[in-house]
Amino acid sequence: MCGEFQKAHEGDEVIVMGWVQSYRDLGGAVFLDIRDRTGLVQVVFDESSHQTAHAIADRVRAEWVVGIKGKVRSRGTNTNPNLPTGEVEILAQYIQVFNPAKTPPFAIEDGVDTAEEKRLEYRYLDLRRPEVQKNFIVRSKINQIVRNNLTSQGFLELETPFMVKYTPGGARNFLVPSRLNPGQFYALAESPQLYKQLFMISGMDRYFQIVKCFRDEDLRQDRQPEFTQIDLEMSFAEMEDIHRVMENVMRSIFREVLSTELPERFPVMSYDEAMTRFGSDKPDLRFGLEHTVLTELIRSHDGGGVPLFREVVASGGMVKAMRIPGRHNLSRTETDKLELEAKGVGAQGLGRAKVAEDGAWTQSPFAKVITEELRLAINQAVGAEPNDLILFQFGAPKLVHTVMSHLRLLLGRKLELIAKNEWKILWVVDFPLFEHDERTGRYVAAHHPFTSPRPEDVEKLTSDPKSVKARAYDLVLNGNEIAGGSIRIHDADVQAKAFEALGISEEERKAKFGFLLEALQYGAPPHAGIAAGMDRIAMLLSGAQSLRDVIPFPKTQRGTDLLTSAPTTVDAAQLQELCIKTTV
RNA sequence: GGGGUGGUAGUUAAGUUGGUUAUAACGCCGGCCUGUCACGCCGGAGGCCGCGGGUUCAAGUCCCGUCCACCCCGCCA
């Protein structure tokens with residue numbers, strides 16, 4: 001293999017096959033760098049000693065595929081310290097051109113800044129680049145580690161269907177028409193959720209699968225329409241058991257891929273605490289800039305002379321502040337930019353106050369009207385010191401969290417507060433079981449409808465649904481949600497109450513989940529599970545910037561494949577056979 | 001559905017207050033060169049300035065629309 005030639009091979013007769021990385025034609029001598037997956041090696045063609053080979057090499061160009069027979073020899077004083085194989089070269093005796101190549105649209109080398117559009121159009125060329133291949137080598141490793149680890153923890157690798165029953169709710173489904181059943185459709189599985197619960201009822205005990213899932217939702221840097229989960233489920237398991245299994249998996253991945261030790265047990269934070277301090281249920285703990293909720297403080301001062309504060313608090317809104325230490329010295333212009341960013345994610349504006357030596361506020365719309373008592377109380381609450389900048393956001397809690405969390409991440413990056421090679425992993429627990437859907441006015445399952453409430457909250461399912469906490473947990477790594485799971489309901493009464501709270505009628509339950517509800521009555525063990533985002537884990541561990549960098553053939557943000565140009569229209573005959581009429 | 005960034009040779013970019021023939025680097029093609037490795041030297045080709053419309057004597061540049069890629073909100077675990 002190209003990348004493996006060393007001094008020890010001197011004098012060996014060898015054959016190398018690969019792609020021409022570069023050629024340097026000096027007239028009587030031609031140098032070719034030959035590349036394969038393992039690296040580069042220099043081959044020299046000498047006109048005086050091997051005329052035929054030299055004549056062929058003279059015509060060879062970048063990315064041609066060639067095979068070369070020759071002898072390894074020392075480079076003497078002409079070594080190349082930048083190349084692992086730089087102490088030796090191959091003196092070519094014969095060369096065979098397996099295939100010439102068109103000039104590639106971009107150079108096949110690391111560090112190129114070709115537009116992603118072009119890279120995806122010629123993905124097979126992009127994938128030739130070592131730094132791109134590196135990500136997939138990491139990914140392959142993770143696959144092996146997960147299989148070995150979970151198998152050794154007693155899990156069975158079992159498969160579930162991709163073509164499944166359509167159940168609305170949750171993520172949008174991709175549909176697959178059934179030719180044999182005109183007018184009817186399968187859905188591509190959003191996850192193997194229901195099947196893995198059936199496995200538990202089957203006595204499969206411990207199940208895992210590295211499995212593709214499909215969701216027809218809008219794409220993001222960390223979201224693709226088809227993605228891979230490390231999915232597992234365990235019978236007779238409490239939250240603690242799932243955490244230990246997953247911690248074990250993550251520790252082995254980090255140890256073997258990065259030679260990094262994660263803690264034996266991962267820290268745990270409640271959802272409420274995460275939202276309060278960071279405005280996010282996936283807090284990045286690698287830096288500070290924590291939030292302070294001022295709602296109650298302001299209420300106790302009756303708005304402190306600031307009409308806006310008073311109105312917001314009176315109408316059930318929230319006030320949050322974030323302190324930017326004075327050493328960061330944000331300019332007026334930079335703060336204005338922050339306001340634009342805030343508006344970009346839905347804010348009306350961005351309140352601000354610069355703290356003076358005596359604790360007074362300057363550059364602030366509140367400075368003139370706010371009472372000294374409230375001003376000092378706020379300074380104290382956020383821990384403000386002279387020269388600090390305080391940013392404020394007020395309004396509906398959801399929006400306040402979104403805006404402040406967005407600004408926190410933005411500033412964390414901009415102010416370079418995030419250390420390289422630092423890993424902060426934690427569990428976030430005690431999620432609300434339900435979320436209120438603004439449009440329908442109903443409650444919807446925050447996780448999925450089979451998630452168990454905390455035992456102490458069961459009574460509140462009917463009386464006070466929004467205060468019920470779920471026995472659900474997310475694993476968060478450097479501000480990325482990399483896994484999520486829950487204890488499942490195995491009690492028919494509790495399940496009925498949950499459906500009631502969700503406003504799902506008896507009929508609807510039967511139609512959608514009848515098979516599972518039926519199965520739960522045949523001796524279902526208590527069970528729990530979790531699903532981890534394989535792509536996200538691969539992205540974070542390989543240092544990739546986007547999920548697309550760890551998926552060999554990813555989709556664009558509009559869900560298209562620039563290489564094959566999928567999706568496309570299909571033949572009328574095909575549609576007719578499927579009894580499908582399109583309206584576009 | 002909404003907010004933002006970008007689109008100029010094969011690639012990456014520059015292009016001023018609108019003004020002659022749209023620049024540069026790398027790559028590509030031809031020639032020379034036996035120790036290069038970002039090889040060097042000489043010469044050359046290469047453009048629907050994303051697309052459509054408008055303003056203007058004149059548009060890469062200004063205006064409107066549209067397409068594509070990316071980032072974010074909504075949506076989605």
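Order of the sequence lines fixes the chain letters, A, B, ..., with proteins taken first and strands second; residue numbering starts at 1 for each chain.
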- Task: Mark up nucleotides 30-46 of chain B, 5' to 3', with B wherever a protein heavy atom is under 4.0 angstrom from a base atom, S wherever such an atom reaches only the sugar-phosphate, and - elsewhere.
- Result: S--BBBBB-B-------
Between protein and nucleotides 70-72 of chain B, what N or O pairs are separated by less than 3.5 Å?
unit_1, atom_1, unit_2, atom_2, d
B:C70, OP1, A:Q557, N, 3.2
B:C70, OP2, A:Q557, N, 2.7
B:C70, O3', A:R548, NH2, 3.0
B:C71, OP1, A:R548, NH1, 3.3
B:C71, OP1, A:R548, NH2, 3.0
B:C71, OP2, A:R548, NH1, 3.4
B:C72, OP1, A:Q221, OE1, 3.3
B:C72, OP2, A:Q221, N, 3.3

- Identify, with sequence neighbours excluded, every residue that meets side-chain hydrogen bond (donor to acceptor under 3.5 Å, both in side chains) alongside A:D126. A:R119, A:R123, A:R129
- Task: Using the test side-chain hydrogen bond (donor to acceptor under 3.5 Å, both in side chains), find all partners of A:T114 that sit at least two apart in sequence or belong to another chain.
- Result: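 Testing A:T114 for side-chain hydrogen bond (donor to acceptor under 3.5 Å, both in side chains), a comparison that skips the adjacent residues, returns none.
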Using a cut-off of under 3.5 Å, enumerate the N/O to N/O pairs linking the protein to nucleotides 6-10 of chain B.
unit_1, atom_1, unit_2, atom_2, d
B:G10, O2', A:P105, O, 3.0

- Item | ring pair (Phe, Tyr, Trp, His ring centres under 6.0 Å) partners of A:Y473, counting only residues at least two apart |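 If we apply the ring pair (Phe, Tyr, Trp, His ring centres under 6.0 Å) test to A:Y473, skipping adjacent residues, the hits are A:H243.
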- Output all residues satisfying ring pair (Phe, Tyr, Trp, His ring centres under 6.0 Å) with A:W19, sequence neighbours left out; order by chain, then residue number. none
- Item | Qualifying side-chain hydrogen bond (donor to acceptor under 3.5 Å, both in side chains) pairs, either residue in residues 50-61 of chain A, two or more places apart | A:Y23-A:R61
- Would you please name every residue forming a salt bridge (Lys or Arg N to Asp or Glu O under 4.0 Å) with A:R73, sequence neighbours left out?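 Scan of A:R73 (salt bridge (Lys or Arg N to Asp or Glu O under 4.0 Å), adjacent residues dropped) gives A:E89.
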- Note on the structure: Residues at least two apart in sequence or cross-chain that pass salt bridge (Lys or Arg N to Asp or Glu O under 4.0 Å) with A:R536, listed by chain then number, are A:D222
- All side-chain contact (heavy atoms from CB on, under 4.5 Å) counterparts of A:A445, not counting sequence neighbours: A:P449, A:L502
- Task: Return each pair, listed once, that meets salt bridge (charged side-chain N to carboxylate O under 4.0 Å, His left out) where at least one residue sits in residues 77-88 of chain A; pairs must be two or more places apart or across chains.
- Result: A:K7-A:E87
